[in-house]
Amino acid sequence: MSDTTPAVEPHRYTADLAAEIESRWQDEWEKRGTFHAPNPTGPLGDPDGSADRPKAYVMDMFPYPSGAGLHVGHPLGYIATDVYSRYLRMTGHNVLHTLGYDAFGLPAEQYAVQTGTHPRVTTEANIANMRQQLRRLGLGHDSRRSVSTIDPGYYKWTQWIFLQIFNSWYDESAGRARPIAELVEQFAAGTRETPDGRPWSRLSAAERSSVLDDFRLAYAKQAPVNWCPGLGTVLANEEVTADGRSERGNFPVFRANLRQWMMRITAYADRLLGDLDLLDWPEAIKLQQRNWIGRSEGARVDFAVDGHDERITVFTTRPDTLFGATYMVLAPEHGLVDTVVADAWPEGVPGVWTGGAATPAEAVAAYRKQAQSKSDVERQTEGKDKTGVFTGAHAVNPVTGKRIPVFIADYVLMGYGTGAIMAVPGQDERDWEFAEAFELPIVRTVEPPEGWEGEAFTGQGPAINSANDEISLNGLAVGEAKQRITEWLEARGIGEGTVNYRLRDWLFSRQRYWGEPFPIVYDEEGVPHALPDSMLPVELPEIEDYSPRTFDPDDADTSPETPLSRNEEWVEATLDLGDGPKKYRRETNTMPNWAGSCWYELRYLDPENTEQVVDPAVEEYWMGPKAPGGSGGVDLYVGGAEHAVLHLLYARFWHKVLFDLGHVSSKEPFHRLFNQGMIQAYVYRDSRGFPVPAAEVEERDGKFFHQGEQVKRELGKMGKSLKNAVTPDEICAEYGADTLRLYEMAMGPLDVSRPWDTRAVIGSYRFLQRLWRNVVDESTGEVVVTDDEPDEATLRALHKTIDGVRADMEGLRFNTAIAKATELNNHLTKAGSVPRSVAEPLVLLVAPLAPHIAEELWRKLGHETSLVHEPFPVADPALVQDEAVTCVVQIKGKVKARLEVPPSISDSELEALALADAAVQSALGGADIRKVVVRAPKLVNIVPA
RNA sequence: GUCCCGGUAGCCCAAAGGCAGAGGCGAUGGUCUCAAACACCAUUCAGUGUGGGUUCGAAUCCCACUCGGGACACCA
């Protein structure tokens with residue numbers, strides 16, 4: 001039997017050996033706390049460990065612990081940050097790198113409901129499973145800092161931050177948040193007037209509470225919100241897609257008037273916008289944030305309503321076109337609609353204006369009902385045909401004095417501007433379409449260019465038809481005209497220049513179980529009270545029925561029910577909030593899953609601190625601005641681009657509040673952001689279009705077959721549902737974690753999406769095997785490096801590689817770094833013998849990428865300690881250049897000859913050498929020379945006359 | 001519809017405006033083997049999506065088109 005057993009060399013770098021090396025070094029690192037990053041002070045403090053080294057804070061967007069387990073796409077970013085962190089450690093930095101878990105939220109809860117197990121049980125099991133999977137990859141995380149958002153010790157501080165926000169207001173004059181107590185002082189002292197003018201002392205507790213709610217940065221308010229019956233919860237604007245569906249689950253979302261918690265993020269709109277300039281982020285993400293915040297400059301204009309005292313206020317970016325405003329439109333939900341709606345249709349009203357109703361009130365009611373019953377997605381699919389009805393009311397154009405009809409139409413959105421517009425069909429495409437459909441007059445107030453045959457003209461041009469007895473804009477350019485008319489409106493007190501934002505306040509409550517409870521209770525009058533810090537955390541109660549109450553996804557006439565309200569014992573509480581024990585009812589909404597991820601970068605810094613969210617000295621060390629006026633923040637934050645306006649906007653907002661209140665020294669949470677690409681995978685579909693298991697597909701002559709049947713190939717995401725998931729566990733088992741790490745980094749640039757190809761993984765495996773063989777004899781296990789001096793070519797190859805790899809590491813170009821290391825490794829393989837003075841730096845160069853094999857080789861080379869803090873090799877500049885370089889001689893850009901020249905050759909020497917070359921002479925054929933371009937030492941280009 | 005990003009060898013990807021190739025996969029041939037796998041050695045393949053322009057010289061800069069990916073989409 002023995003002669004059929006393959007004779008594998010006993011010391012070959014096989015998957016088995018890799019597995020043994022890897023688990024041994026993982027244990028070793030853990031035992032020694034190799035990746036513990038010392039703080040300057042506190043429980044994790046070690047002033048000696050941090051004092052003399054520059055710091056680096058590297059972070060990944062932390063994961064949701066999915067029940068499905070990881071596929072090879074998930075750890076891409078984690079591997080990249082680990083490689084970079086290891087490189088930084090070897091270049092003398094104190095590196096903080098860890099990974100926590102974002103474990104509250106819908107998916108975790110949905111998974112629990114599916115499996116019939118409590119979300120805490122499933123979530124904790126998922127975290128344990130994920131930790132296991134990730135540990136196997138050899139990620140150098142500081143495990144002491146691995147927080148989880150569901151731990152009461154963590155969400156105590158999430159609740160604490162909520163209270164900080166709740167107990168703050170935005171002082172516009174100071175341009176920052178301040179404690180609400182300072183506002184109360186102003187009211188009490190009379191230095192600030194109450195909204196209705198009565199002295200503060202005369203207001204009841206409920207009235208005071210109501211006044212303060214209009215200032216608090218977190219407040220509960222009855223407002224139109226996004227209600228998603230299919231999920232049984234309300235959602236933030238950011239969680240609703242453009243076609244009116246929930247981002248998660250793709251259910252229809254309806255408008256409903258509900259009392260919900262909101263965060264006054266709009267107070268920070270200008271700072272969230274302006275401070276983007278301080279950040280080193282991809283332009284695409286900055287652009288998305290700018291668009292989401294949607295700053296636009298314009299003017300507010302008041303329109304008198306014929307027969308009413310109320311005025312309709314509009315926001316417009318084109319006040320210069322005011323003379324062309326021939327009608328007005330209110331959003332169907334606008335509060336003034338009921339006030340202005342006329343009793344009867346005026347004489348001679350056009351038929352299309354009435355919607356066929358007998359009175360304006362009936363028309364308005366019918367239109368509103370129709371608009372409300374349609375979900376946004378239906379409005380969308382019905383195209384952009386303009387609909388609306390006349391209210392029977394007329395407003396007065398303040399510059400022309402003309403009576404103009406007031407409509408309601410759903411192309412005007414309640415959520416933007418004032419929910420009302422002045423319609424200028426001559427300069428606005430939407431207004432033009434509406435005007436055509438409703439036979440309304442069109443007045444051009446900007447002269448279109450000659451030959452203009454379009455409809456609305458939105459471009460630049462001189463104003464026309466824009467004069468009355470007091471003011472004329474005629475002839476002015478758009479910008480000037482805006483300025484003039486705005487001044488005129490301000491002087492008359494009927495308008496002013498203003499800035500409008502698209503950003504809305506953040507809807508912060510959810511009707512789900514699996515989230516942080518609010519640290520808020522209500523007294524018997526329904527006044528909300530913040531719990532004192534001493535009562536934190538408010539723990540999430542264990543309840544029997546944690547399922548959300550969900551409804552028919554299309555049924556808009558439903559309303560949410562909070563799971564926590566089912567537990568009367570928890571809801572009813574007798575507490576002493578400073579004025580003796582009293583009965584209170586707890587808030588039963590929970591926070592959205594974004595809450596925990598809004599501030600975790602701070603808790604990583606000081607996870608064991610029970611007194612403070614983070615010790616200011618620790619925060620300043622890791623995140624403080626490097627220069628006055630700088631943003632501060634995490635040095636490198638890596639994650640997917642899908643969080644462009646959700647997590648990244650919310651986290652910036654919370655951070656700025658904490659900055660204003662003096663809890664942190666950094667203005668921004670994440671100084672540098674990098675979006676990694678996605679690992680894609682081929683999806684194979686059968687004739688019915690169903691995915692077939694990708695692993696079972698065979699390729700023949702460029703066609704693909706599954707069980708004999710031809711299938712179609714397309715590129716898609718990796719995942720269970722597409723039957724194309726490849727797990728890190730299987731790759732580790734087949735080749736080892738170092739091979740997986742190396743392959744993922746070698747596939748291409750980090751920020752580019754690219755398809756996974758399991759067949760190609762073997763290339764990275766071969767590289768490591770060759771590296772191993774260059775140091776270790778496969779049959780004896782003996783170290784085979786020599787103490788000889790390397791030859792000139794090898795020495796220069798080494799220093800070129802060091803130089804290149806360093807630059808690539810700095811720039812996160814791991815794919816090219818690997819190519820350079822491979823080149824050197826192949827050079828050594830060919831050379832036959834490997835000098836120690838080359839093998840050692842090569843092992844160090846590879847160490848950040850393939851740390852386990854590097855540690856093992858380092859030990860075999862005779863070193864007692866781990867190479868994690870070993871200095872990264874430094875290139876000798878004199879050896880980076882080749883001794884002789886090949887100079888190309890071109891004639892009109894075409895290569896005609898090559899010269900071997902020293903790199904230091906001068907332009908004139910090189911030119912002479914090139915012109916003297918026989919091949920060049922014959923190619924020129926005696927022609928005159930017009931010009932010679934010399935780029936010493938690599939190129940000469942001769943241009944004949 | 002608007003705005004971003006990208007099209008280089010059969011595939012994944014490299015190339016400060018200067019010889020289109022660093023690296024890997026695959027394929028082919030060879031060494032090893034009774035044979036195969038592994039490993040090793042060698043070879044192979046594109047003129048850079050298309051059309052113009054700038055330049056002594058363009059994958060690289062500019063313009064138009066095209067294909068693919070992404071973001072936004074009645075935002076007044």
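Below, read A as the first sequence line, B as the second, and so on, with proteins coming before strands; counting in each chain starts at 1. Since the model is a prediction, treat every value here as computed from it, not as a measurement.
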Undergrad: Between U66(B) and U50(B), how far apart are the two P atoms, rounded to whole Å?
TA: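 Between the two P atoms, the distance is 15 Å.
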Undergrad: So which one's nearest nucleotide on RNA chain B is more toward 5', Y765(A) or A760(A)?
TA: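 That would be A760(A).
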Undergrad: Under a 4.0 Å threshold between the charged nitrogen and the carboxylate oxygen, would D302(A) count as salt-bridged to R300(A)?
TA: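 Salt bridge flag = yes for D302(A) with R300(A).
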Undergrad: Return the nearest nucleotide to the side chain of V412(A); candidates are A71(B), A76(B), G18(B).
TA: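 Nearest to the side chain of V412(A) among the choices is A76(B).
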Undergrad: In whole Å, what separates the P atom of C61(B) from that of G6(B)?
TA: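 Looking at atom P only, C61(B) and G6(B) are 9 Å apart.
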Undergrad: OP1 or OP2 of C40(B) sitting under 4.0 Å from any side-chain N/O of R773(A)?
TA: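 So the side chain of R773(A) is within the cut-off, an N or O lying under 4.0 Å from OP1 or OP2 of C40(B).
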Undergrad: Under a 4.0 Å N-O cut-off, is there an ion pair linking D808(A) with K820(A)?
TA: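 The answer is yes: the pair qualifies as a salt bridge.
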Undergrad: Please report the closest heavy-atom contact between V314(A) and M328(A), naming both atoms and the distance.
TA: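 Closest approach of V314(A) to M328(A), heavy atoms only: CG1-CE, 3.4 Å.
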Undergrad: Are OP1 or OP2 of A73(B) and a side-chain N or O of R502(A) less than 4.0 angstrom apart?
TA: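 Indeed, a polar side-chain atom of R502(A) lies that close.
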Undergrad: In whole Å, what separates the C1' atom of A27(B) from that of C72(B)?
TA: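 To the nearest whole Å, 45 Å.
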Undergrad: Any side-chain N or O of R766(A) less than 4.0 Å from the OP1 or OP2 oxygen of C25(B)?
TA: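 Indeed, a polar side-chain atom of R766(A) lies that close.
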Undergrad: Among G23(B), A39(B), C56(B), which nucleotide has an atom closest to any side-chain atom of T822(A)?
TA: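 So the side chain of T822(A) is nearest to G23(B).
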Undergrad: Rounding to the closest angstrom, what is the interatomic distance between G24(B) and A36(B) at atom P?
TA: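 The same atom, P, in both gives a distance of 25 Å.
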Undergrad: Report which part of the nucleic acid L939(A) touches: base, sugar-phosphate, or nothing (heavy-atom distance under 4.0 Å, all strands).
TA: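 Counting heavy atoms under 4.0 Å across all strands, the contact made by L939(A) includes a base.
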Undergrad: For G30(B), does the O4'-C1'-N9-C4 (purine) or O4'-C1'-N1-C2 (pyrimidine) torsion place it in syn, i.e. within 90° of 0, or in anti?
TA: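 Anti, which is what one calls it when the glycosidic angle falls more than 90° from 0.
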Undergrad: Between G57(B) and G53(B), how many Å separate the two P atoms, rounded to a whole number?
TA: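 Straight-line distance between the two P atoms is 12 Å.
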Undergrad: For nucleotides U55(B) and C62(B), find the distance between their C1' atoms and express it as a whole number of Å.
TA: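 It comes out at 12 Å once rounded to the nearest Å.
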Undergrad: Below the 4.0 Å mark, does G24(B) have OP1 or OP2 next to a side-chain nitrogen or oxygen of N815(A)?
TA: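 False: N815(A) side-chain N/O out of range (4.0 Å or more) of G24(B) OP1/OP2.
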Undergrad: In whole Å, what separates the P atom of U28(B) from that of U33(B)?
TA: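 Rounded to whole Å, the distance is 23 Å.
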Undergrad: Do you know which two heavy atoms are closest between L17(A) and R12(A), and how far apart they sit?
TA: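 Nearest heavy atoms, L17(A) then R12(A): CD2-O, 3.2 Å.
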Undergrad: Do the side-chain N or O atoms of R770(A) get closer than 4.0 angstrom to the phosphate oxygens (OP1, OP2) of C40(B)?
TA: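 Yes, because at least one side-chain N or O of R770(A) sits under 4.0 Å from OP1 or OP2 of C40(B).
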Undergrad: Closer to the 5' end of RNA chain B via nearest nucleotide, is it M747(A) or F315(A)?
TA: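 Per heavy-atom nearest nucleotide, the more 5' residue is M747(A).
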Undergrad: Using a strict cut-off of less than 4.0 Å between a Lys/Arg side-chain nitrogen and an Asp/Glu carboxylate oxygen, indicate whether K712(A) and E714(A) qualify as a salt bridge.
TA: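 Looking at E714(A) together with K712(A), the answer is no, because their closest N to O distance does not fall below 4.0 Å.
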Undergrad: Between C13(B) and G70(B), how far apart are the P atoms? Round to whole Å, please.
TA: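 Nearest-Å result for G70(B) against C13(B) at atom P: 16 Å.
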